[in-house]
Amino acid sequence: MAVKSQTDTYRILVADDDPAIVHLLQENLEILGHKVLRAYDGQMAVRMAREHHPDLVILDVNMPMTSGLKVLEYLRASAETATIPVIFITGELSKDVYPAIADAPRVAHVKKPFDLESLNSLVQHFLKQFPIRR
């Protein structure tokens with residue numbers, strides 16, 4: 001299995017219960033040449049990750065059905081999805097949330113409201129640092 005080159009299209013799963021955020025991120029990432037998968041709750045995010053094996057997941061912490069933290073637990077529990085890098089986007093980093101993601105491998109966080117340029121840089125960094133082998 002080969003490592004993707006910089007010219008390959010990456011699949012990025014965007015999971016947020018706010019359709020406006022999903023749409024904004026989708027447009028932004030597609031301009032950069034990525035294929036975007038969308039999920040609007042935690043259960044859908046887990047299902048999409050298992051079906052499509054994205055190269056990266058951008059995930060809201062507070063979502064209906066299953067929280068972003070639970071989604072991360074489910075992804076890490078499966079050999080097929082355990083190494084997918086995750087960028088959390090959240091309006092809050094409470095004392096319960098921050099410790100769960102601060103030192104987790106292949107995980108970063110961005111606070112809402114976020115700057116698209118900074119998020120794009122983080123996405124590119126993660127895609128280079130953690131290439132998915134197919």
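More than 12 non-hydrogen atoms from other residues, nucleotides or ligands lie less than 6.0 angstrom from CD of Q129. No more than 12 heavy atoms of other residues, nucleotides or ligands lie within 6.0 Å of CD in E117, so this atom counts as exposed by the packing criterion.
Side-chain contact between H34 and L127 is present, with at least one heavy-atom pair separated by less than 4.5 Å. Between L119 and I87, some side-chain heavy-atom pair lies under the 4.5 Å cut-off. Two residues are said to be in side-chain contact when any heavy atoms from C-beta on lie closer than 4.5 Å; I84 and P54 meet this criterion.
In terms of heavy atoms, R11 sits closest to H53 at NH2-O, 3.3 Å. Shown here for L72 and L59, the closest heavy-atom pair between the two residues is N-CD2, 4.5 Å. Between V71 and A45 the shortest heavy-atom distance is CG1-CB, 4.3 Å.
Salt bridge annotation for K112-D18: absent, with no cationic side-chain nitrogen under 4.0 angstrom from a carboxylate oxygen.
Taking CG of L13 as the start and OG1 of T81 as the end, the distance is 11.0 Å to the nearest 0.5 Å. The CG atom of L116 lies 11.0 Å from the OG atom of S121; values are rounded to the nearest 0.5 Å. Going from atom CG of L56 over to atom CD of Q124 covers 9.5 Å, rounded to the nearest 0.5 Å. Atom-to-atom distance recorded for F126:CZ and D55:CG is 13.5 Å, nearest 0.5 angstrom. To the nearest 0.5 Å, the span separating CZ on R76 from OG on S78 amounts to 11.0 Å. Taken to the nearest 0.5 Å, the CZ atom of R50 stands 8.5 Å off from the CD atom of E80.
Between L25 and the options V123, V36, D16, V14, a side-chain contact (heavy atoms from CB on, under 4.5 Å) holds for only V14.
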side-chain contact (heavy atoms from CB on, under 4.5 Å) between Y40 and V22: does it pass, once the steps are laid out?
CA-CA 8 Å; Y40 298 97; V22 173; 3.7 Å; yes
Step by step, would you call D60 with I21 a side-chain contact (heavy atoms from CB on, under 4.5 Å)?
CA-CA 10 Å; D60 188 14; I21 298 269; over 6 Å; no
